[in-house]
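For reference, the structure discussed in these notes is given below.
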Amino acid sequence: MGGKLSYPRDEIPADKTFIVTGGNTGVGYQTAKGIAKLGGRVIIACRSEERATQALEKMQKEHREEVKQERQTQDEAAKKANPPPAATKDTPKPPATGDKDTTGEGSGDKDTAEASATKDTEEASAEGQTTEGKEEKEPIASADKEDSSPPEDDAADDIQPLKVEFMKLDLASLASTMEFINAYKAKGYPLHVLICNAGLGLVPFQKTDDGFELQFQVNYLSHFLMTLHLLPLLRESAPNSRIINLTSIVHTSGTFDLKNMQGELSYDRIKFYGNSKVYQIMNMYALNRRLKDSGISIFSVHPGYVDSEFSRGSADSKLHSFVESVSQVLHIKRNVEDGAMTSLVAALDTSYDGRSALYLKDCKVANASALARNTEKQEQLWDYSLDCLKDHITEDLLKDLHLPVPAAKDDTPATDEAKGEAETKPETPSKSEEPTSTQDGAKSKSEEEAESKPEEKTESKEEVEESKADEDDKSKVEEVESKPEEDTEAKPEAESESKVDEKEEEKKEESEDQSPTDEGGDTKTDEEEVKSEEVKGDEDKGQEDGEGE
């Protein structure tokens with residue numbers, strides 16, 4: 001456990017205000033008392049007004065007694081340091097006696113004085129011991145009077161009462177937490193330090209009225225809600241305003257599973273207690289990133305294994321009984337005064353000014369678990385937590401705090417559109433599958449389109465019918481065109497053949513007179529004529545094609 005624990009005891013300005021949740025008992029009580037004794041104003045936030053009232057009365061009484069004891073100790077120390085001069089040492093050496101001795105007269109005077117003293121003693125003896133008894137009783141009675149009522153009355157007037165007060169807060173209810181927040185703001189107090197001390201552990205599974213697992217809400221979620229709503233006051237008190245979360249070494253056994261945050265799948269007392277404590281540290285890191293350069297510091301504190309009422313709800317736990325037995329044997333359990341030391345260091349030590357996101361143990365910085373330092377998990381927890389609190393925080397609040405609005409809240413108005421897009425998205429891949437799809441598949445696609453867009457279905461049918469009609473018309477035209485083509489091609493061929501025959505006969509008759517050149521020219525002329533006829537047939541075919549269109 002190291003050396004002796006201690007915290008700074010510098011005087012606190014009278015207007016500096018602290019909130020301590022669960023300040024009516026245990027570590028919270030000692031934390032609140034330690035701050036108040038140094039002059040700070042402390043708000044003790046807890047469920048039971050009766051228990052809080054008893055705690056405040058006890059705190060004031062202890063304070064008065066401690067102040068008186070401190071003053072008495074200081075007086076005794078001062079007397080030891082500066083003892084008063086002893087009167088017996090001065091009487092034997094009066095300067096006049098020395099002068100008389102030199103003249104020789106002092107000896108006679110001394111004898112006379114001794115004789116007189118002897119006579120007085122004999123007379124006192126003759127009177128009896130009644131007078132002597134009276135003389136002894138009077139100074140004793142006087143001493144008793146000085147130590148009793150008058151000094152207490154003077155002390156009562158002199159000792160200033162602690163500035164502590166109660167405000168109702170039930171962390172198992174988000175509505176009660178909001179009531180506390182609003183009531184505190186209505187007081188008009190500043191806020192310099194928020195100490196999230198209250199908590200419970202090792203309790204059987206149960207859910208709050210808000211639907212959350214009890215340890216999750218009391219130890220973590222409600223404190224996070226308080227922190228968000230009180231950040232504006234902490235900003236106003238900056239720099240060096242602080243947020244302190246009371247965590248535990250058990251955070252090292254914590255896990256983070258979004259599917260089992262509220263015990264949906266399984267529940268274990270110690271595991272879920274550890275979960276709630278690791279969430280506090282994870283949230284510290286996430287919030288610190290968002291409060292950069294704000295002047296607000298955030299710390300997570302492990303008080304040690306403390307002898308307090310913390311685990312009063314776990315008396316039926318075998319694990320708790322085992323831990324209690326081991327702690328007694330090993331002497332590892334701390335008293336509540338020592339348990340509050342690290343919280344007081346985090347709240348008051350000026351050496352931590354300007355520092356943040358620190359895990360403290362035994363009044364000094366230590367290392368949190370790997371899970372607690374996992375940035376990705378921290379952000380997932382942040383988003384999950386804001387979603388849990390969506391009915392108690394607004395976008396305007398987050399914007400005023402310069403905190404990013406969670407994506408889930410931004411997408412809320414567009415949810416219907418997103419759903420519409422999700423419904424139409426399956427049609428897109430069907431288009432890519434069209435080349436390989438069958439007619440039945442195309443039909444099912446048109447039926448899907450008909451369900452979402454009935455008007456488009458009508459249009460698509462008309463288009464299909466028109467395209468079919470066009471194809472029919474085109475096929476008919478092609479049939480009509482093919483017939484004239486055959487006739488047109490046949491006619492020029494017949495004509496060309498007859499003409500060739502006639503020409504051949506003429507050639508035979510004039511073969512002797514015609515040269516090869518003329519013969520070739522005549523042949524060429526005949527071929528050109530045949531070609532012209534073919535071209536003419538093509539032109540006629542083109543006209544028929546145009547009409548068909």
Quiz item: Can you tell me if S276 uses its side chain to pair, donor with acceptor, with the backbone of Y220 under 3.5 Å?
Solution: no

Practice problem: Scan for side-chain hydrogen bond (donor to acceptor under 3.5 Å, both in side chains) pairs involving residues 247-265, sequence neighbours excluded, and state none if there are none. | Solution: T255-N275, N260-S266, Q262-Y384

Quiz prompt | Listed once per pair and sorted, the side-chain hydrogen bond (donor to acceptor under 3.5 Å, both in side chains) pairs that draw on residues 181-198, sequence neighbours left out | solution = E165-K187, E165-Y189

Under 3.5 Å, side-chain donor or acceptor atoms of residues 352-361 against the rest of the protein: list the pairs with distances, not counting sequence neighbours.
| residue | atom | partner | partner atom | Å |
| --- | --- | --- | --- | --- |
| D353 | OD1 | R242 | NH2 | 2.6 |
| S356 | OG | N288 | OD1 | 2.7 |
| S356 | OG | I298 | N | 2.9 |

Quiz item: Which heavy atom of A238 sits nearest a heavy atom of S294, and at what distance?
Solution: CB-O, 3.5 Å

Quiz prompt | For Q280 against N245, the heavy-atom pair lying closest together | solution = O-ND2, 3.9 Å

Quiz item: Is L381 close to K377 at the side-chain level, that is, under 4.5 Å between some pair of heavy atoms?
Solution: no

Quiz prompt | 4.5 Å side-chain heavy-atom contact, H63 and P161 | solution = no

Side-chain donor-acceptor pairs under 3.5 Å in residues 222-233, sequence neighbours left out?
| residue | atom | partner | partner atom | Å |
| --- | --- | --- | --- | --- |
| S222 | OG | L171 | O | 2.6 |
| S222 | OG | Q217 | O | 3.4 |
| H223 | ND1 | N219 | O | 3.3 |
| H223 | NE2 | T21 | OG1 | 3.0 |
| T227 | OG1 | H223 | O | 2.8 |
| H229 | NE2 | H392 | O | 2.9 |

Quiz prompt | Exceeds 12 heavy-atom contacts within 6.0 angstrom, atom NZ of K163 | solution = yes

Practice problem: Can you sort out the partners of Y285 under ring-ring contact (aromatic ring centres under 6.0 Å, His included), two or more places apart, ordered by chain and number? | Solution: none

Quiz item: Are the side chains of T342 and P303 in touch, meaning some heavy atoms are under 4.5 Å apart?
Solution: no

Quiz prompt | Trace of the side chain to side chain contact (heavy atoms under 4.5 Å, CB included) decision for Q60 with V164 | solution = CA-CA 9 Å; Q60 296 288 7; V164 289; 3.8 Å; yes

Self-check item: With F205 via side-chain contact (heavy atoms from CB on, under 4.5 Å) - residues at least two apart
Solution: K207, E213, Y267

Self-check item: Candidates K61, K37, R71 - the one meeting side chain to side chain donor-acceptor pair (under 3.5 Å) with E66
Solution: K37

Quiz item: Is the closest side-chain heavy-atom distance between T53 and F166 below 4.5 Å?
Solution: no

Exercise. Could you tell me the separation between the CG atom of L191 and the CG atom of L234, rounded to the nearest 0.5 Å?
Key: 4.5 Å

Practice problem: Answer yes or no: does atom CG of D268 have more than 12 heavy-atom neighbours from other residues, nucleotides or ligands under 6.0 Å? | Solution: yes

Practice problem: Report the C-alpha distance between I35 and V193 in whole Å, list the side-chain angles of each, state the deciding distance to 0.1 Å, and finish with yes or no for side chain to side chain contact (heavy atoms under 4.5 Å, CB included). | Solution: CA-CA 11 Å; I35 294 170; V193 181; over 6 Å; no

Exercise. Report the C-alpha separation of V250 and K277 in whole Å, then their side-chain angles, then the decisive distance to 0.1 Å, and conclude whether the side chain to side chain contact (heavy atoms under 4.5 Å, CB included) test is met.
Key: CA-CA 7 Å; V250 184; K277 292 303 175 180; 5.7 Å; no

Self-check item: Student check: side-chain heavy atoms of Q72 and D75 closer than 4.5 Å
Solution: no

Quiz item: V278 and A372: which non-hydrogen atoms are nearest, and at how many Å?
Solution: CG2-CB, 3.9 Å

Exercise. Check whether any side-chain heavy atom of W382 lies under 4.5 Å from a side-chain heavy atom of L287, and answer yes or no.
Key: yes

Quiz prompt | Contact list for residues 13-48, test ring-ring contact (aromatic ring centres under 6.0 Å, His included), sequence neighbours left out | solution = none

Practice problem: Indicate yes or no: at least one non-hydrogen side-chain atom of M284 is less than 4.5 angstrom from one of I281. | Solution: yes

Quiz prompt | Distance in Å, F299 CZ paired with C196 SG, rounded so as to fall on 0.5 Å steps | solution = 13.5 Å

Quiz item: Cation-pi between R9 and Y7: NZ/CZ under 6.0 Å from ring centre and within 45° of the ring axis?
Solution: yes

Quiz item: For the residue pair G28 and V20, what are the closest heavy atoms and their distance?
Solution: O-CG1, 3.8 Å

Exercise. Identify, with sequence neighbours excluded, every residue that meets side chain to side chain donor-acceptor pair (under 3.5 Å) alongside E337.
Key: none

Quiz prompt | Distance in Å, I393 CD1 paired with L398 CG, rounded so as to fall on 0.5 Å steps | solution = 5.0 Å

Quiz item: Of all residues at least two apart in sequence or in a different chain, which pass the side chain to side chain donor-acceptor pair (under 3.5 Å) check with D349?
Solution: S351

Quiz item: What closest approach, in Å, do S6 and C363 show between heavy atoms, and which atom pair accounts for it?
Solution: O-SG, 4.0 Å

Self-check item: Heavy-atom donor-acceptor pair, D170 side chain to A172 backbone, under 3.5 Å
Solution: yes

Exercise. Sequence neighbours left out, what passes salt bridge (charged side-chain N to carboxylate O under 4.0 Å, His left out) with E379? Give chain and number order.
Key: R289, R290

Exercise. Could you tell me the separation between the CG atom of L291 and the CZ atom of R235, rounded to the nearest 0.5 Å?
Key: 5.5 Å

Exercise. Using the test side chain to side chain donor-acceptor pair (under 3.5 Å), find all partners of R41 that sit at least two apart in sequence or belong to another chain.
Key: T17

Quiz item: Got a second to check how far Q378's CD is from E376's CD, nearest 0.5 Å?
Solution: 10.5 Å

Quiz item: Considering only heavy atoms from C-beta outward, does the side chain of L389 approach that of L221 to under 4.5 Å?
Solution: yes

Self-check item: Sequence-distant partners of R373, salt bridge (charged side-chain N to carboxylate O under 4.0 Å, His left out), two or more places apart
Solution: none

Exercise. Starting from the C-alpha separation in whole Å, work towards a yes-or-no answer on side chain to side chain contact (heavy atoms under 4.5 Å, CB included) for Q215 and Y279.
Key: CA-CA 11 Å; Q215 294 183 98; Y279 298 160; over 6 Å; no

Quiz item: How long is the gap from CG on L348 to CD1 on I244, to the nearest 0.5 Å?
Solution: 7.5 Å

Exercise. Taking all non-hydrogen atoms of both residues into account, name the closest pair between R334 and G304 and its distance.
Key: NH1-CA, 3.8 Å

